[in-house]
Amino acid sequence: KAPGPDQIVPSLLKAGGPIIARHLASLFAKVALWSSEPLQWKTGILVALFKKGNHRDPSNYRSIYISDHIAKIYHSCVRDHLGELYEENALDTQMGGRKGKGTDMAHHILQTFQAATKQANISSAVFFLDLHSAFYAVLRQFLFDTGWNDDMLCKLLQRLGIHPDEVESFKKRCRDENATRDMRPHGVSILKDIFDGANFQMRGVDKVGVPQRGTRPGDPVGDVCFNLLMCSMLKEYRSEMQASNMQWLPNSIPEGSDEWKNGFVFPTGATFYDVSFVDDVSVMVAHTHGHELVPTAKTIAQCWCQTAARRGLLVNFKPEKTELMITFRGKGCRLLKQQYFVSSPPEIALSDLAVPHKLQLVHSYKHVGTQIQSDGRPRKDIQYRVAKAKQAWGPLQKPFFGKREVSVETKVQIFQSLVLSRFAFQVHTWTMASNDTLERRRNAIKPMVFSMARQKVGAFALETLDVTTICGLIC
């Protein structure tokens, strides 16, 4: 890893062992006691890395922040305490940054909802939300009960296009919201100090940048701070949706009921639920009247645009970012499919916003690394995993896996690390996969394992064996 401005590499700190640890513990204790970091810990070098697209478009670059590793260790210690606060205040459907709640859990919740609506034969949709540079753009002042001033509020109101009639209510919300209200005052002062005076420099630029919003790229406390703010955003949008006569799904299930086992009966009207993974939010909505599903989903999308704007965030409406995956079922579904996917472009206009946008209607979506289809089946995700495995296998087929000088044991280790890890990613979430689909998946990997097993037992012995048996021979 690259050293920060102090030119100390992580390997040097590791080599110091207990001796370095004692010095760092003493230093961290003094810094935390006084709630004041050294100025050098607040600065770093920002490097712009190109992603794809037009080289002249700044949005096509990813920023990498290189800071002192000692500062990162200190921030990691602070993060551990913030993590406890987040765990106490997080909602049940918030994933990411929590033990046992990863991307697979979010995917399982989506699949469960899809299976329930399919069994009930009612129309459903999933609104996938993506925010523009969420970590960098969010107003971190919402973390605390202080930090606002009139100049900052005026700039924010102008940027977000807040109507004059809403100014007073917006100012009250800014000053009332406090994501760290349950945190001890000393902990709050430590967290404030991390943000105060944080700056960065770029090579070839004389000026120093002092951001007033968001968190520093790669900062260990960044995800927890954003999760705390996301918690308040989720609560706000849920409250507004329930005020619009939408039913929160858990409220429609009697406590202790086992209706899910016998086939859940959705209540009449609109029912919604959500799951989030840090800044990726998915809102699931079902409606017993199919023709009202799209207007209901439109209301949810507009609510999230407004909720995000109040925190200085903008929704990203680019393709494959913020989209609506929709499935029509039941009476009149053919006419609805014709109306929204054939007779007109698959999109709905969000015209009630300060800046109008169009929300794309899709049949599949890539959510936190997994391809999700509107019918709940993982066909597209399995095809994607097979393609990724072949992409990793291809360049090494002849120069490595085809060499008899390389032992089978070594080949298997590399195969598991580079190929099988891609092939079996999130395989435990494919609960609705058919036997035919799984059989085609197994056959796709057969030539790969066959070439390694042939070196060990010979080609003749493998002709009548299935993939599972061949894998057992080489592992």
Side-chain angles (χ1 to χ4, degrees), residues 75-117 124 126-131 134-135 138 142-143 179-180 182-183 191 215 218-239 241 248-251 253 255 260-261 264 271-285 300 304 307-308 311 313 322 325 365-373 376 378 381 385 421-422 424-432:
H75 290 176
S76 296
C77 297
V78 176
R79 186 197 185 283
D80 292 338
H81 293 281
L82 278 175
E84 296 175 2
L85 175 67
Y86 167 50
E87 191 64 38
E88 293 174 359
N89 292 274
L91 303 176
D92 291 338
T93 58
Q94 276 190 276
M95 313 294 165
R98 306 175 67 187
K99 188 175 181 180
K101 293 195 173 183
T103 57
D104 55 343
M105 180 66 73
H107 187 58
H108 273 307
I109 292 175
L110 283 168
Q111 277 200 323
T112 303
F113 182 84
Q114 288 179 306
T117 54
S124 64
V126 183
F127 172 65
F128 294 101
L129 174 72
D130 183 83
L131 299 170
F135 279 50
V138 68
F142 279 111
L143 284 168
T180 57
D182 296 327
M183 196 173 181
L191 187 59
T215 60
D219 197 308
V221 302
D223 65 325
V224 181
C225 291
F226 187 86
N227 277 328
L228 289 170
L229 293 172
M230 176 58 74
C231 182
S232 63
M233 293 169 65
L234 288 167
K235 290 178 180 178
E236 181 178 319
Y237 115 86
R238 289 180 185 179
S239 177
M241 291 300 96
W248 176 241
L249 182 59
N251 293 344
I253 305 174
E255 189 174 351
W260 285 102
K261 299 179 182 178
F264 176 69
T271 309
F272 75 103
Y273 195 61
D274 62 59
V275 61
S276 63
F277 188 86
V278 192
D279 59 335
D280 290 302
V281 181
S282 306
V283 182
M284 296 153 274
V285 57
I300 293 174
W304 262 110
T307 301
R311 276 95 180 160
L313 297 169
T322 297
M325 187 177 72
Y365 186 87
K366 187 177 181 181
H367 177 250
V368 289
T370 302
Q371 297 283 347
I372 297 179
Q373 294 179 238
D381 192 50
R385 293 296 152 207
S421 60
R422 292 168 170 80
F425 180 76
Q426 302 284 43
V427 65
H428 58 289
T429 64
W430 296 342
T431 54
M432 299 176 68

Self-check item: With Met284, the side chain to side chain contact (heavy atoms under 4.5 Å, CB included) member among Leu249, Thr271, Ile109
Solution: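 Result: among Leu249, Thr271, Ile109, Ile109 is the only option passing the side chain to side chain contact (heavy atoms under 4.5 Å, CB included) with Met284.
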Quiz item: Can you name the one residue among Leu228, Val281, Asn227 that meets side chain to side chain contact (heavy atoms under 4.5 Å, CB included) with Gln94?
Solution: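 Exactly one option meets the side chain to side chain contact (heavy atoms under 4.5 Å, CB included) with Gln94, and it is Asn227.
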4.5 Å side-chain heavy-atom contact, [X] and [Y]:
X	Y	answer
Met241	Trp248	no
Leu82	Cys225	yes
Phe128	Val126	yes
Arg98	Tyr86	yes
Tyr273	Pro250	yes
Val275	Met105	no
Gln371	Arg385	no
Arg238	Leu91	yes

So, taking the atom named [atom1] in [X] and the one named [atom2] in [Y], what distance separates them when rounded to the nearest 0.5 Å?
X	Y	atom1	atom2	answer
Leu234	Leu229	CG	CG	11.0 Å
Met95	His107	CE	NE2	13.0 Å
Glu84	His81	CD	NE2	6.5 Å
Leu110	Asp274	CG	CG	10.5 Å
Leu191	His75	CG	NE2	9.5 Å
Leu129	Leu313	CG	CG	9.5 Å

Whether [X] side chain and [Y] backbone form a donor-acceptor pair below 3.5 Å:
X	Y	result
Thr322	Asp130	yes
Ser239	Lys235	no
Gln114	Gln373	yes
Gln111	Thr429	yes

How far apart are the closest heavy atoms of [X] and [Y], and which atoms are they?
X	Y	answer
Met233	Thr307	O-CG2, 3.8 Å
Ser124	Thr117	OG-OG1, 3.5 Å
Gly369	Phe425	O-CE2, 3.9 Å
Met432	Ala115	SD-CB, 4.3 Å
Cys231	Ala90	SG-CA, 4.5 Å

Quiz prompt | Donor-acceptor pair between Thr103 and Gln426 side chains, under 3.5 angstrom | solution =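 Judged by distance alone, the side chains do pair up.
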Self-check item: Any side-chain donor near an acceptor of the partner, Asp381 and Thr370, under 3.5 Å
Solution: no
Quiz prompt | Test log, rule side chain to side chain contact (heavy atoms under 4.5 Å, CB included), inputs Asp104 and His428 | solution = CA-CA 8 Å; Asp104 55 343; His428 58 289; 2.9 Å; yes
Quiz item: Does atom CG of Asp92 have more than 12 heavy-atom neighbours from other groups under 6.0 Å away?
Solution: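 No.
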Quiz item: In terms of the angle between their ring planes, are Tyr237 and Phe272 parallel, tilted or perpendicular, with boundaries placed at 30° and 60°?
Solution: perpendicular
